[in-house]
K.L.:
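Have a look at this one.
Side chains are part of it too, since the values below use all heavy atoms of this structure and drop only hydrogens, waters and symmetry mates. Computed from a predicted model, the values in this text were never measured in an experiment.
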Amino acid sequence: MDIGIPKEIKNHEYRVGMTPGGVKELVRDGHRLLVETHAGAAIGLSDEQYRAAGAEIVADAGEVFSRAELIVKVKEPQAEEYQRLKPDQVLFTYLHLAPDLPQTQGLLDSGCIAIAYETVTDRSGGLPLLAPMSEVAGRMAIQAGAHCLEKARGGRGVLLGGVPGVPPARVLVLGGGVVGINAARMALGLGADVTLVDKSLARLKELDSLYGPALKTLYSTSDAIEAELPWADLVVGAVLIPGAAAPKLITRAMLALLPKGAVLVDVAIDQGGCFETSKATTHQNPTYMVDDIVHYCVANMPGGVARTSTFALTNATLPFVQALANKGWRQALKEDPHLAAGLNVHKGHIVYQAVAEAHQLPFTPLDKLLKG
Ligand SMILES: NC(=O)C1=CN([C@@H]2O[C@H](COP(=O)(O)OP(=O)(O)OC[C@H]3O[C@@H](n4cnc5c(N)ncnc54)[C@H](O)[C@@H]3O)[C@@H](O)[C@H]2O)C=CC1
Ligand SMILES: CC(=O)C(=O)O
Ligand SMILES: [Mg+2]
């Protein structure tokens with residue numbers, strides 16, 4: 001199969017859909033890898049390394065999209081990319097369609113088969129292709145938050161770990177999944193005072209037994225969150241209802257409860273954000289102020305540490321790319337319901353219920369389409 005790896009074009013996005021190591025495995029399986037020139041140059045992955053792994057280096061995105069049967073990317077296709085997609089072409093990447101009607105419409109119009117990394121599942125109910133980037137973003141949320149708490153960034157001038165004689169900052173983490181626990185772990189490591197909120201009691205029990213009294217846990221209600229806000233220096237938004245728009249856990253009115261100069265890091269922004277005042281920002285302009293509260297809402301945080309992220313992402317995606325390429329998408333999805341859960345758009349139909357609901361568009365059940 002011809003597999004295309006275009007260079008990412010989103011603002012400050014330097015990740016690549018596949019490392020040279022991943023390319024080598026796919027070439028060994030008998031596939032032709034079309035890698036756009038300079039796809040990994042910004043993170044030290046040269047065309048020579050891809051060539052040595054067996055890839056064909058292709059001059060531009062137009063050629064990658066016109067020749068490949070399967071496109072493997074990182075970020076959701078940008079407008080100029082979804083216009084290049086063709087009927088029956090398979091796209092495997094992050095999509096985050098629920099908050100993004102133009103992209104959803106673009107994919108429907110293209111007639112492609114779009115499989116989203118973020119809705120592929122695993123046997124234990126996890127999201128194995130979201131997890132590596134959630135690990136990265138969760139850890140980065142604390143670095144970013146610490147930076148934003150500095151006065152020059154609009155923050156209240158608080159050091160996360162405090163110093164002897166001065167108490168540490170208080171960090172509130174909303175959502176105790178992969179992002180949340182990685183954020184909590186980093187914040188605890190820096191010596192901050194950390195409280196984590198989740199609506200799953202089972203998850204809170206699990207985290208309590210792992211971290212003991214170092215990590216305070218709270219069941220998620222709006223009262224419980226409101227009671228924490230007057231003390232919070234940094235709030236990390238890390239909730240997820242898979243495929244759906246994120247619930248708004250902090251409204252604009254609730255910002256008044258926070259100390260001036262407190263920082264909100266909304267990692268859940270790619271699903272629309274879990275603070276009412278969140279709007280997506282970029283690595284170039286990551287923050288803005290609302291009511292004296294710093295908002296950091298970068299929708300592709302792992303792109304900031306693109307080298308680490310590229311290797312982490314390929315580690316997770318490679319077996320699925322191999323399944324799609326070796327068996328063909330239809331057989332691969334028939335054999336693996338967890339990979340099938342990644343299918344969001346199929347030849348002009350939305351096949352992921354939460355996406356259809358988010359846009360009030362028709363939903364077509366997947367089994368109906370896979371029977372053919
Ligand atoms: N901005 C970025 O660059 C990145 C964003 N993300 C996003 O971060 C978000 C979180 O991802 P993961 O941690 O992997 O998801 P996850 O599924 O591992 O965890 C989500 C947690 O939220 C909890 N939750 C759901 N509703 C809640 C509520 N009302 N109150 C409290 N907790 C609630 C769930 O019980 C679960 O424990 C997703 O939207 C994901 O797309 C992930 C990576 C990078
Ligand atoms: C998960 C995601 O959207 C990202 O890594 O950018
Ligand atoms: Mg994202």
Side-chain angles (χ1 to χ4, degrees), residues 10 70-79 81-122 125-131 133-134 175 177 199-200 237-249 266-274 276 278-280 299-300 317 320 324 329-330 332-372:
K10 191 165 176 161
L70 167 64
I71 301 275
V72 178
K73 269 176 55 59
V74 181
K75 287 315 299 175
E76 68 280 356
Q78 308 297 294
E81 291 175 314
Y82 53 70
Q83 282 157 15
R84 293 187 195 278
L85 289 165
K86 299 181 299 184
D88 297 341
Q89 196 166 39
V90 180
L91 172 68
F92 193 38
T93 190
Y94 290 116
L95 293 177
H96 304 296
L97 291 178
D100 191 347
L101 182 58
Q103 191 210 157
T104 305
Q105 201 56 60
L107 294 183
L108 288 170
D109 293 346
S110 74
C112 81
I113 295 143
I115 306 170
Y117 290 159
E118 74 273 9
T119 63
V120 171
T121 53
D122 65 21
L127 302 168
L129 302 189
L130 183 60
M133 295 306 98
S134 292
K199 75 168 173 42
S200 158
V239 299
L240 175 66
I241 298 165
K248 304 292 178 209
L249 301 187
D266 200 345
V267 185
I269 188 64
D270 52 4
Q271 295 295 142
C274 61
E276 191 185 8
S278 294
K279 56 180 188 330
N300 58 332
T317 56
F320 294 95
L324 290 168
W329 74 268
R330 188 181 290 272
L333 266 56
K334 265 187 189 161
E335 286 180 18
D336 182 356
H338 296 296
L339 178 55
L343 191 61
N344 277 227
V345 172
H346 176 278
K347 302 185 190 181
H349 300 276
I350 298 179
V351 295
Y352 200 91
Q353 189 145 17
V355 171
E357 280 168 9
H359 299 304
Q360 296 176 317
L361 286 170
F363 164 67
T364 310
L366 179 59
D367 359 334
K368 225 170 122 183
L369 298 168
L370 287 186
K371 269 188 196 125

K.L.:
Going from OG1 on T317 to CG on L129, what distance comes out if it is rounded to the nearest 0.5 angstrom?
P.N.:
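With rounding to 0.5 Å, OG1 (T317) is 6.5 Å from CG (L129).
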
K.L.:
Could you check if a side-chain atom of E118 sits within less than 4.5 angstrom of a side-chain atom of L127, using non-hydrogen atoms only?
P.N.:
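Sidechains of L127 and E118: no contact.
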
K.L.:
As an exercise, state the distance from CG of L130 to OG1 of T121, rounded to the nearest 0.5 Å.
P.N.:
12.0 Å

K.L.:
Taking side-chain contact (heavy atoms from CB on, under 4.5 Å) as the test, write out the residues that go with P102, two or more places apart.
P.N.:
Y82, D100

K.L.:
May I ask you to check whether H338 and D122 show a side-chain donor-acceptor distance below 3.5 Å?
P.N.:
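No donor-acceptor contact under 3.5 Å links the two side chains.
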
K.L.:
Quick one: CD1 on I269 to CG on N300, what's the gap to the nearest 0.5 Å?
P.N.:
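One gets 11.5 Å once the value is rounded to the nearest 0.5 Å.
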
K.L.:
Closest approach of L324 and I115, non-hydrogen atoms and distance?
P.N.:
CD2-CD1, 3.8 Å

K.L.:
Does the side chain of V345 come within less than 4.5 Å of V351's, by heavy atoms?
P.N.:
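A side-chain contact under 4.5 Å is absent here.
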
K.L.:
Quick one: pull up CD in Q105 and OG in S110 and give me the separation to the nearest 0.5 Å.
P.N.:
10.5 Å

K.L.:
Over all heavy atoms of both residues, which pair between Y94 and M133 is shortest? Give the atoms and the distance, please.
P.N.:
OH-CG, 2.9 Å

K.L.:
Quick check: do L91 and P77 have side-chain heavy atoms less than 4.5 Å from each other?
P.N.:
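Touching, per the 4.5 Å side-chain cut-off.
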
K.L.:
Look at the side chain of S278 and the backbone N and O of G273, then say whether any donor-acceptor pair between them is shorter than 3.5 Å.
P.N.:
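Not at all, since once roles are kept as given, no pair shorter than 3.5 Å links the two residues.
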
K.L.:
Under a 3.5 Å distance rule, please check whether T93 uses its side chain to pair with a backbone N or O of K75 as donor and acceptor.
P.N.:
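It does hold such a pair.
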
K.L.:
So, applying side-chain hydrogen bond (donor to acceptor under 3.5 Å, both in side chains) with E76, which one of K10, H96, Q103 is it?
P.N.:
K10

K.L.:
Spell out, as yes or no, whether a donor-acceptor pair under 3.5 Å connects the side chain of D266 to the backbone of C274.
P.N.:
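At least one qualifying donor-acceptor pair exists.
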
K.L.:
So which heavy atom on H359 is nearest to which on L97, and how close?
P.N.:
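Nearest pair, atom of H359 first, then L97: NE2-O, 2.7 Å.
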
K.L.:
With distance as the sole test, does E81 use its side chain to make a donor-acceptor pair with the main-chain N or O of Q78 at under 3.5 Å?
P.N.:
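Between the backbone of Q78 and the side chain of E81 there is a qualifying donor-acceptor contact (under 3.5 Å).
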
K.L.:
Okay, side chain of Y352, backbone of A341: is any donor-acceptor separation there less than 3.5 Å?
P.N.:
no

K.L.:
With heavy-atom distances below 4.5 Å as the criterion, would you say the side chains of L107 and C112 are in contact?
P.N.:
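Contact flag for L107/C112 side chains = yes.
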
K.L.:
Counting C-beta onward and ignoring hydrogens, is there a side-chain heavy-atom pair between L70 and F92 closer than 4.5 Å?
P.N.:
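Counting from C-beta outward, L70 and F92 do come under 4.5 Å.
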
K.L.:
Would a distance-only check, ignoring hydrogens and angles, find a side-chain to backbone donor-acceptor pair under 3.5 Å from D336 to K334?
P.N.:
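No.
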
K.L.:
So K347 and I113, do their side chains get closer than 4.5 Å, heavy atoms only?
P.N.:
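SC-SC contact between I113 and K347 confirmed.
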
K.L.:
Which pair of heavy atoms, one from A116 and one from L95, lies closest together, and at what distance?
P.N.:
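The answer is CB-CD1, 3.7 Å.
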
K.L.:
Please give me the minimum heavy-atom distance between A354 and P242, naming the atom from each residue.
P.N.:
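Closest heavy-atom pair between A354 and P242: CB-O, 4.2 Å.
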
K.L.:
Less than 4.5 Å apart, any side-chain heavy atom of L361 and any of L101?
P.N.:
yes

K.L.:
Do L343 and L366 come close enough that some side-chain heavy atom pair is under 4.5 Å?
P.N.:
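They are in contact (side-chain heavy atoms under 4.5 Å apart), so the answer is yes.
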
K.L.:
Starting at NE2 of H346, measure out to CH2 of W329 and round the result to the nearest 0.5 Å.
P.N.:
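Separation between the atoms: 3.5 Å.
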
K.L.:
Show the nearest heavy-atom pair for residues A98 and V355, with the distance to one decimal.
P.N.:
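That closest heavy-atom pairing would be N-CG2, 4.3 Å.
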
